[in-house]
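Model, not experiment: these values are computed from the prediction.
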Amino acid sequence: DRFCPLGMGGKNKLVSDLLINNKVPAGWRDGVPLLTRADDSIVWVCGQRIDQGARVQDTTSQVAIVRLTVKE
């Protein structure tokens, strides 16, 4: 899966590469949740980065507040 992380100038990145670069342990990577749109495009790699297209802009009229809670 690819997405455009905020702050990367619109460049696409593999989710797996993002998780590796952020030093997420290999055993945890498959369990990182992804928030997606109805078309399955990635909005947020939870706990990591949001997609460039999901950023709040001057023209933004609505936002969604999403909280990720991890239970042990």
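Under the 4.5 Å side-chain contact rule for hydrophobic residues, Ile50 and Leu35 share a cluster. Under the 4.5 Å side-chain heavy-atom criterion for grouping Ile, Leu, Val, Met, Phe, Trp and Tyr, Trp44 is not connected to Val56 through any hydrophobic cluster. Follow the hydrophobic side-chain contacts under 4.5 Å out from Trp28 and you reach Val45 in the same cluster.
Taken to the nearest 0.5 Å, the CZ atom of Arg29 stands 4.5 Å off from the CD1 atom of Ile20. With values rounded to the nearest 0.5 angstrom, Leu34 atom CG is found 11.0 Å from Ser41 atom OG. The CD atom of Gln52 sits 11.0 Å away from the CZ atom of Phe3 when rounded to the nearest 0.5 Å.
In this structure, the side chains of Arg2 and Ile42 stay at 4.5 Å or more apart for every pair of heavy atoms.
More than 12 heavy atoms of other residues, nucleotides or ligands sit less than 6.0 Å from atom CG of Asp39. Residue Asp1 qualifies as open at atom CG: its count of foreign heavy atoms under 6.0 Å is 12 or below. For Gln62, the CD atom is loosely surrounded, since the number of other residues' heavy atoms within 6.0 Å does not exceed 12.
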task = Might you work through the side-chain contact (heavy atoms from CB on, under 4.5 Å) test for Gln48 and Val24, ending with a clear yes or no?
result = CA-CA 10 Å; Gln48 302 297 318; Val24 174; 3.8 Å; yes

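Here the shortest heavy-atom pairing between Val32 and Cys46 reads CG1-O, 3.7 Å.
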Residues 4-19 side chain polar contacts: donor-acceptor under 3.5 Å, at least two apart:
none

